[in-house]
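Since the model is a prediction, treat every value here as computed from it, not as a measurement.
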Amino acid sequence: MHQCYYCEQIFESKEKLYEHVEVHSDIERNKEIMDRKKQTEEK
């Protein structure tokens, strides 16, 4: 059993966990990019 440290969802295999974690990292990356865009627009 493997657990996602972002949302605590449980997966049967490391492969499934890794695939799932990529979704979170994409979301985080996009959020960061949007935050930067907002900061530059405000200046």
Side-chain angles (χ1 to χ4, degrees):
M1 298 292 255
H2 302 279
Q3 194 171 21
C4 172
Y5 45 87
Y6 287 103
C7 67
E8 297 180 3
Q9 200 172 329
I10 294 172
F11 297 89
E12 292 167 18
S13 69
K14 271 186 181 173
E15 287 78 19
K16 286 182 181 174
L17 173 68
Y18 289 148
E19 283 174 26
H20 170 78
V21 168
E22 282 177 16
V23 173
H24 287 298
S25 61
D26 285 349
I27 292 168
E28 288 297 309
R29 203 176 303 125
N30 288 340
K31 209 172 13 174
E32 224 174 83
I33 291 166
M34 292 308 288
D35 285 350
R36 278 197 211 123
K37 278 184 181 173
K38 282 180 187 168
Q39 285 176 356
T40 55
E41 285 171 7
E42 287 172 4
K43 289 178 182 175

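- Annotation: the span from Glu15 atom CD to His2 atom NE2 amounts to 8.0 Å, rounded to 0.5 Å.
- Neither Tyr6 nor Tyr18 shares a network with the other; the hydrophobic side chains, linked directly or stepwise wherever heavy atoms of I, L, V, M, F, W or Y lie under 4.5 Å apart, form separate groups for each.
- A pairwise comparison of heavy atoms in Glu8 and Gln3 identifies O-NE2, 3.1 Å as the closest pair.
- Looking at Glu41 and Lys37, no side-chain N of the basic residue comes within less than 4.0 Å of a carboxylate O on the acidic one, giving no salt bridge.
- Connection of Val21 to Ile27 is not established within any shared hydrophobic cluster, with ILVMFWY side chains joined at heavy-atom distances below 4.5 Å, either directly or through further cluster members.
- Between Lys31 and Glu28 there is a salt bridge, since a side-chain N of the basic residue sits under 4.0 Å from a carboxylate O of the acidic one.
- Between the side chain of Gln9 and the backbone N or O of Cys4, no donor-acceptor pair lies under 3.5 Å.
- If you chain together hydrophobic residues whose side chains sit under 4.5 Å apart, Leu17 and Met1 never meet in one group.
- A distance of 10.5 Å separates CG in Asp26 from NE2 in His24, rounded to the nearest 0.5 Å.
- Rounded to the nearest 0.5 angstrom, Ser13 OG and Glu19 CD are separated by 7.5 Å.
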